[in-house]
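All of these numbers come straight from a predicted model, not from anything done at the bench. We count ligands from 1, going down the list as the structure has it; atoms in each ligand are counted the same way.
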Amino acid sequence: MDSILVTGNGPLNGDIPIAGAKNACLTLMPATLLSEEPLTLTNAPRLSDIRTMTLLLQSLGAEVTALQEGKVLAMSSHNLTSQRAEYDIVRKMRASILVLGPLLARFGYAEVSLPGGCAIGARPVDLHLKAMEAMGAEMELRDGYVHAKAPSGGLRGGEFEFPFVSVGATENALMAATLAKGTTVLKNAAREPEIVDLAECLQKMGAQIEGAGTSTLTIQGVDRLGGATHGVVTDRIELGTYMLAPAICGGEVTCLGGRISLLEAFCEKLDAAGISVEETEKGLKVACRNGRVKAVDVTTEPFPGFPTDLQAQMMALMCTAEGTSVLEEKIFENRFMHAPELMRMGAKIDVQGGHATVTGVERLKGAPVMATDLRASVSLILAGLAAEGETMVNRVYHLDRGYENVEEKLGALGAKIERVQGQ
Ligand code: EPZ
């Protein structure tokens, strides 16, 4: 398993490109299952999760061709051979559940392995199933698989109110509703930019959707969907991660293609911490205003609140901030696994349930640390960039799921960072 060696090396300066969003691409790819016509995605990120989704779609009989070094995905579900998503693929990536809605809507039947547990929480899929039941489907759990059956004549429009916001369940229900007979209303739906991106792509395919980006989605089902070409939205989590690099090390960095509208709540927190964020034609220019970052409190919320996927990275920044900050994690029940690793680097963190109290120290010290999940791994790299000496981040396969070319991108800003093969 690869590791990444980071040596604290002072301020970072320059431009950094931001890729297309992993969490948008992972829901846009299953949308190909809704139509016989080709769907082409541009600005696709080159990540191991995208390759896993490619394998899953190909296992169903879809054609998925990566062009232009993987930045373009040409897909077609003209000749699907199966409606069964096997455990061997699904266990590698929870987002595999997003084939359920499209298969059920187009073919009236689907068998999808249950994803199983995850490092950051139990992450059940009950809301996905309930939303499909609201469209008339019968759901049965058997042998570790969801067996889903639409009524004869296909799914029918219905109304469903999510008891709490779920990104994945909203995406699955939205895709299914595009081919349901009649009107579907989804209340308390997720409002993430990835949902808006999915809705835009589906509309290009001929879907009738209103309210994307609001809590109420209204979908008028159509008989069939066509093809489309769609550009994947910028990855706001990669964007936020790299905005923290100059915040934690000093210097001035422009994140190309970044927009404040993708990360308003996050930018407000950076402003309160003494970090300047300026929107330019090129993207977001980020720099420390003066001296030491100030401690700020953070609570994770669904969009437009502070994203849970930036909580670990924000904790890395707060480790050397002036004062004490409290980070409250409200989305996942076990998302502080990075805290003990940061404490190995000298951070002062007290975790009590869903709250982490961080007392800023002058400087962290490099140490060997272990990545436990995707966002935890990049928070350790950020901490290593500002630490004294060397930090060896182990198990970076987590990182490769959501960040392309980390070493090259940060290295171009002046970071001392290298991948160590097969530790
Ligand atoms: C998406 O996961 C993202 N993944 C996650 O990013 C992100 O953290 C999360 O949304 C929240 O923003 C992808 O888009 C592929 P949820 P998802 O359904 O859809 C509970 C990353 O780092 N819940 O909004 O799985 C659930 O357990 C990843 O890129 C149910 O109880 O998240 C969680 O506590 C990590 N039943 C909460 O809701 C359900 O049926 C929110 O989950 C569904 C969810």
Side-chain angles (χ1 to χ4, degrees), residues 19-30 45 47-50 52-53 56 90 92-101 112 114-134 139 141 146 160-175 186 188-198 215 232-233 235-241 262-263 265-266 299-314 329-335 337-338 354 371-379 398-404:
K22 166 181 83 78
N23 290 346
C25 204
L26 287 177
T27 186
L28 289 163
M29 292 174 76
L47 303 166
S48 61
D49 270 6
I50 301 302
T52 305
M53 184 58 85
L56 176 59
V90 175
K92 295 195 186 100
M93 182 183 67
R94 311 182 49 73
S96 307
I97 192 77
L98 295 172
V99 300
L100 175 67
V112 179
L114 282 166
C118 163
I120 64 177
R123 303 183 73 179
V125 293
D126 55 324
L127 298 183
H128 297 242
L129 310 189
K130 289 192 181 117
M132 305 296 161
E133 283 171 342
M139 314 302 272
L141 301 184
V146 177
F160 184 71
E161 174 142 10
F162 293 97
F164 50 86
V165 170
S166 161
V167 172
T170 300
E171 292 164 342
N172 236 334
L174 171 58
M175 290 190 279
L186 301 174
N188 198 24
R191 303 166 56 190
E192 272 66 5
E194 295 76 33
I195 306 262
V196 174
D197 203 40
L198 173 64
S215 311
V232 180
V233 70
D235 193 320
R236 65 196 167 100
I237 306 301
E238 188 192 27
L239 171 64
T241 300
L262 287 169
L263 285 174
F266 175 74
T299 297
T300 63
E301 308 263 14
F303 191 89
F306 190 100
T308 173
D309 295 346
L310 286 169
Q311 176 260 98
Q313 300 92 315
M314 194 67 180
E329 175 55 57
K330 285 175 72 176
I331 306 292
F332 292 105
E333 63 273 25
N334 187 31
R335 203 169 203 181
M337 306 258 271
H338 38 284
T372 48
D373 62 76
L374 167 58
R375 307 303 172 183
S377 53
V378 83
S379 80
H398 290 289
L399 189 79
D400 297 334
R401 299 186 58 173
Y403 293 90
E404 55 176 48

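Protein heavy atom in closest approach to atom 24 (O) of ligand 1: Val167 N, 2.7 Å. Looking only at protein heavy atoms, the nearest one to atom 35 (C) of ligand 1 is Arg335 NH2, 3.6 Å. For atom 37 (C) of ligand 1, the closest non-hydrogen atom on the protein side is Ile331 O, 3.9 Å. When hydrogens are left out, the protein atom nearest atom 29 (O) of ligand 1 is Arg375 NH2, 2.7 Å; that is the closest non-hydrogen contact.
Within the 4.0 Å heavy-atom shell around ligand 1 one finds Pro124. Using a 4.0 angstrom heavy-atom cutoff, Lys22 counts as in contact with ligand 1. By the 4.0 Å heavy-atom criterion, Glu301 is excluded from the residues contacting ligand 1.
Summarising the geometry of Ser48 relative to Arg401, their closest heavy-atom pair is OG-CA, 3.2 Å, with the distance given to 0.1 Å. In terms of heavy atoms, Val112 sits closest to Val99 at CG2-CG2, 4.0 Å.
Within ligand 1, the atoms closer than 4.0 Å to a non-hydrogen atom of Asp309 are 5 (C), 6 (O), 7 (C), 8 (O), 21 (C), 22 (O), 28 (C), 29 (O), 35 (C), numbered from 1 in the order shown. Of all the atoms in ligand 1, the ones that sit under 4.0 Å from a non-hydrogen atom of Leu374 are 22 (O), 29 (O). Close contacts between ligand 1 and His128 involve ligand atoms 40 (O) [criterion: under 4.0 Å to a heavy atom]. Heavy-atom proximity to Gly168, at under 4.0 Å, picks out these atoms of ligand 1: 18 (O), 19 (O). The ligand atoms of ligand 1 that sit less than 4.0 angstrom from a heavy atom of Val125 are 39 (C), 40 (O).
The option from His398, Arg123, Arg94 that lies nearest to atom 2 (O) of ligand 1, judged by heavy atoms, is Arg123.
Scanning for side chain to side chain contact (heavy atoms under 4.5 Å, CB included) contacts around Ser215 gives Arg191, with sequence neighbours left out.
Contact annotation: for Phe164 versus ligand 1, heavy atoms closer than 4.0 Å belong to the side chain alone. Contacts between Thr308 and ligand 1, counted as non-hydrogen atom pairs separated by less than 4.0 Å, involve the side chain only.
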Please list every donor-acceptor pair under 3.5 Å in which a side-chain atom of residues 304-314 meets a protein atom from a residue at least two apart or in another chain.
residue: Thr308; atom: OG1; partner: Glu329; partner atom: OE1; Å: 3.0
residue: Thr308; atom: OG1; partner: Glu329; partner atom: OE2; Å: 3.0
residue: Thr308; atom: OG1; partner: Arg335; partner atom: NH1; Å: 2.8
residue: Asp309; atom: OD1; partner: Arg335; partner atom: NH1; Å: 2.7
residue: Asp309; atom: OD1; partner: Arg335; partner atom: NH2; Å: 3.2
residue: Gln311; atom: OE1; partner: His338; partner atom: NE2; Å: 2.8
residue: Gln311; atom: NE2; partner: Glu329; partner atom: OE1; Å: 3.0
residue: Gln311; atom: NE2; partner: Arg335; partner atom: O; Å: 2.8
residue: Gln313; atom: NE2; partner: Thr241; partner atom: OG1; Å: 3.1
residue: Gln313; atom: NE2; partner: Asp309; partner atom: O; Å: 2.9
residue: Gln313; atom: NE2; partner: Tyr403; partner atom: OH; Å: 3.3

